[in-house]
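By convention in this document, chain letters (A, B, ...) are assigned in the order of the sequence lines, proteins followed by strands, and residues within each chain are numbered from 1.
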2 protein chains.
Amino acid sequence: MRPVESSGNGIDVTENVEERRATAPVVKLCPHNTGISCSNCRLNDLCLPIALNEGEMQQLDDIVERNRPYKKGEHLYRQHDRFKSIYAVRSGSFKSYVLSSSGAGRVTGFYLPGEIIGMDGIADRIHANSAIAMEHSSICEIPFNQLESLSLKLPILQHNFFSIMGAEITKVQKVHTILSSYSAEQRIVSFLLGISSRYARVGLSPSRFHLPMTRGDIGEYLGLTVETVSRLLTALQKKEYIEVDNREISLLNLAALREIVGADDI
Amino acid sequence: MRPVESSGNGIDVTENVEERRATAPVVKLCPHNTGISCSNCRLNDLCLPIALNEGEMQQLDDIVERNRPYKKGEHLYRQHDRFKSIYAVRSGSFKSYVLSSSGAGRVTGFYLPGEIIGMDGIADRIHANSAIAMEHSSICEIPFNQLESLSLKLPILQHNFFSIMGAEITKVQKVHTILSSYSAEQRIVSFLLGISSRYARVGLSPSRFHLPMTRGDIGEYLGLTVETVSRLLTALQKKEYIEVDNREISLLNLAALREIVGADDI
DNA sequence: CTGAATCTTTGAGCTATATCAAAATAACGG
DNA sequence: CCGTTATTTTGATATAGCTCAAAGATTCAG
């Protein structure tokens with residue numbers, strides 16, 4: 001009944017990554033591996049190094065720190081920590097969240113492979129969020145001061161980083177629109193379509209994927225309760241727009257889903 | 001009954017700016033004036049030129065274009081326009097918004113003096129929003145390509161712009177939290193406190209200010225209806241936490257307002 | 001200054017989503 | 001493998017904020 005093995009043990013995720021890879025060339029490397037470098041990273045054409053030549057990429061490579069993998073539940077940084085680095089997700093996934101004084105945390109973002117996390121600390125050198133691994137994950141740490149220095153020497157790198165920050169602004173603004181004007185159903189669908197295209201970006205299937213986050217996380221992120229998230233996933237399944245098997249999601253009727261959010265979404 | 005003249009004619013705003021100036025040194029210059037330069041701009045210590053020396057500021061000045069003022073309702077740029085520049089608001093105010101295919105626009109941001117608008121186009125070189133003057137306003141246009149080039153030469157400028165973009169990310173993420181977890185009352189109060197501190201930043205009174213936007217704009221921004229915005233402003237007035245006279249707002253009980261949003265806000 | 005258009009307020013009722021409760025399922029540490 | 005804990009689902013009920021409606025106030029063009 002379960003079509004794809006769940007990622008419980010933190011290793012099979014890696015296998016899924018290769019297994020579900022769609023179009024991009026497959027490089028046979030464990031993505032958690034620390035022996036990797038930017039030039040042989042399968043994500044280098046959608047990360048900081050885009051369009052850098054070999055020599056430039058080498059210079060970037062020299063400042064990147066590839067730490068040990070993070071276990072599920074480990075923090076990358078915590079709210080109010082001094083900001084030191086930004087991080088590129090190499091494998092696995094993270095969520096960022098804030099704790100309100102009233103106790104309850106609110107999820108502010110999800111970060112999938114090829115995405116940059118930590119930019120919430122750039123402005124005032126203090127992280128505004130906490131970031132935690134949702135599964136066994138690995139990252140490339142890029143010390144920000146060194147990135148700034150290198151960006152002065154490599155115009156393309158500076159340009160790329162401006163673009164990455166700009167994309168983050170656009171992405172968060174999009175969420176603003178979703179939260180301020182979409183119904184619960186539209187939020188969920190928009191979320192699923194967003195995850196889908198983010199997986200597609202790194203060569204994974206856009207129509208069949210594993211959600212690394214809980215229903216509760218999704219609810220916090222979208223401003224809904226767990227119950228509403230659960231009910232709506234069930235309802236969408238009943239309509240045969242999606243298939244839900246715990247955290248495995250299949251998008252069965254893309255056209256209908258796009259219709260729900262109104263075509264200008266994602 | 002009306003303590004401060006409304007900004008209907010687009011000129012008295014300027015007068016209010018000087019009149020309500022609190023602590024920063026007053027430079028007697030019409031803020032709409034085009035003869036201004038970064039070095040004598042009263043906003044230069046909270047805009048792009050922070051910490052630049054005279055020579056550096058001159059170089060920045062050389063790429064800044066100071067166009068004619070914008071009349072209320074004029075567009076600075078429109079959704080899908082080619083991205084060319086970012087803009088620093090020198091006086092007046094703008095709002096950014098997106099149009100959904102379903103017709104209704106949604107306000108995505110408000111931009112007050114000393115703030116930068118237009119970063120929504122950096123990532124893919126197409127503006128994701130439209131931007132429109134909410135009153136008679138003037139801006140400094142900074143062509144982005146030239147800003148990038150100059151940033152390679154002036155480390156402090158590069159640093160400042162990274163910080164400004166980082167601040168935009170943090171600001172929009174904050175709105176995410178507000179929309180996903182605050183009640184209507186908390187949203188309104190948070191909004192008022194936010195406007196207050198943004199005015200304070202440019203030396204205006206934090207406790208008494210003019211709202212340049214309509215109730216409808218506020219509602220779209222906060223994911224509420226006009227009616228709810230209106231009702232809640234009335235209710236807050238009834239509690240004597242604020243005083244409302246059309247678009248003139250006085251914050252009467254800061255402590256109570258902060259209590260409502262839960263202390264960790266703003 | 002005048003009339004039209006826009007914005008704001010207020011009321012009455014409705015509904016989408018929250019809340020509360022509890023059972024069913026899955027994940028996890030030992 | 002097993003008991004515990006966390007997550008997910010489902011149901012019943014409550015309510016915050018929406019919708020519809022209409023009057024009042026303000027702004028704006030001419």
Side-chain angles (χ1 to χ4, degrees), chain A residues 1-2 4-13 71-74 95 104-107 132 134-136 179-188 210-220 222-238 244-249 260, chain B residues 1-2 4-13 71-74 95 104-105 107 132 134-136 178-188 210-220 222-238 244-249 260:
Chain A
M1 196 61 83
R2 306 252 324 286
V4 172
E5 199 56 44
S6 148
S7 64
N9 63 24
I11 291 299
D12 56 10
V13 171
K71 284 201 287 276
K72 177 175 178 168
E74 268 190 282
K95 70 176 179 191
R106 296 313 295 205
V107 172
I132 192 171
M134 294 192 292
E135 57 191 309
H136 193 76
L179 294 182
S180 69
S181 61
Y182 281 22
S183 69
E185 183 184 52
Q186 289 178 311
R187 292 183 204 194
I188 296 281
H210 177 85
L211 292 176
M213 70 290 287
T214 68
R215 307 283 193 265
D217 288 337
I218 298 174
E220 282 182 20
L222 296 176
L224 303 170
T225 58
V226 205
E227 294 95 325
T228 299
V229 173
S230 175
R231 273 186 249 273
L232 285 170
L233 288 175
T234 304
L236 287 167
Q237 176 165 239
K238 217 157 269 167
V244 183
D245 177 28
N246 196 18
R247 302 220 187 149
E248 296 298 325
I249 303 287
I260 288 173
Chain B
M1 196 62 84
R2 306 253 323 287
V4 173
E5 200 55 46
S6 148
S7 66
N9 64 24
I11 291 298
D12 56 10
V13 172
K71 283 200 286 278
K72 177 175 179 169
E74 269 191 281
K95 71 176 179 192
V107 172
I132 192 171
M134 294 192 291
E135 58 190 308
H136 192 75
I178 288 168
L179 293 182
S180 70
S181 61
Y182 282 20
S183 69
E185 183 184 52
Q186 288 177 311
R187 293 183 203 193
I188 296 281
H210 177 85
L211 293 176
M213 70 291 285
T214 67
R215 306 285 194 266
D217 288 336
I218 298 173
E220 283 183 20
L222 295 176
L224 303 171
T225 58
V226 205
E227 295 94 326
T228 299
V229 173
S230 175
R231 273 186 250 274
L232 285 170
L233 288 176
T234 303
L236 287 167
Q237 177 164 238
K238 217 158 268 167
V244 183
D245 176 30
N246 196 19
R247 303 223 185 145
E248 296 298 325
I249 302 285
I260 287 173

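Atom CD in Q186(B) sits about 14 Å away from atom C1' in dG17(D), given to the nearest Å. Taking atom CD of E227(B) as the reference point, atom P of dA16(D) lies 18 Å away to the nearest angstrom. Summarising the geometry, the separation between CG on D217(B) and P on dT27(D) is reported as 15 Å, rounded to the nearest angstrom. Atom C1' of nucleotide dA16(C) and atom CZ of R231(A) are separated by 12 Å, given to the nearest angstrom. Look at CG on D245(A): it is 12 Å from P on dT8(D), rounded to the nearest Å. In this structure, I218(A) places its CD1 atom 13 Å from P of dT7(D), rounding to the nearest Å. Here dT17(C) presents its C1' atom at 21 Å from OH of Y182(B), a figure rounded to the nearest Å. Atoms CD (Q237(B)) and C1' (dT8(C)) sit 13 Å apart, rounded to a whole Å.
Note on R187(B): every side-chain N or O is 4.0 Å or more away from OP1 and OP2 of dG17(D). Contact between the side-chain N/O atoms of S230(A) and the OP1/OP2 oxygens of dT9(D) is found at a separation under 4.0 Å. Put simply, N246(B) has a side-chain N or O that comes within less than 4.0 Å of OP1 or OP2 on dT27(D). The phosphate of dT10(C) (OP1 or OP2) has a side-chain N or O of T234(B) nearer than 4.0 angstrom. In terms of phosphate contacts, T214(A) brings no side-chain nitrogen or oxygen within less than 4.0 Å of OP1 or OP2 of dT7(D). Between dC28(C) and K72(A), a contact under 4.0 Å exists linking OP1 or OP2 to a side-chain N or O.
In this structure, CG on L222(A) lies 12.0 Å from CG on L179(B), to the nearest 0.5 angstrom.
Positionally, the nearest nucleotide of DNA chain C for R215(B) lies more toward the 5' end than for the other of E185(A) and R215(B).
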CA sep, side-chain torsions, deciding dist, call: L224(B), R187(B), side-chain contact (heavy atoms from CB on, under 4.5 Å): CA-CA 9 Å; L224(B) 303 171; R187(B) 293 183 203 193; 4.2 Å; yes
Between L233(A) and R215(A), is a side-chain contact (heavy atoms from CB on, under 4.5 Å) present by the stated rule, with each step listed? CA-CA 10 Å; L233(A) 288 175; R215(A) 307 283 193 265; 3.3 Å; yes
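Listed nucleotides dT7(D), dT9(D), dC18(D) differ in distance to R247(A); the shortest reach to its side chain belongs to dT7(D). Considering only the side chain of T225(B), dT19(D) comes nearest among dT19(C), dT9(C), dT19(D).
Within the 4.0 angstrom heavy-atom criterion, only backbone atoms of the sugar-phosphate kind lie near L224(B); the bases stay farther away. Nucleic acid contact class of G223(B) (heavy atoms, under 4.0 Å, all strands): sugar-phosphate only.
Nearest heavy atoms, L236(A) versus E185(A): CD2-OE2, 3.9 Å.
Residues T228(A) and L232(A) meet the side-chain proximity criterion, which asks for heavy atoms closer than 4.5 Å.
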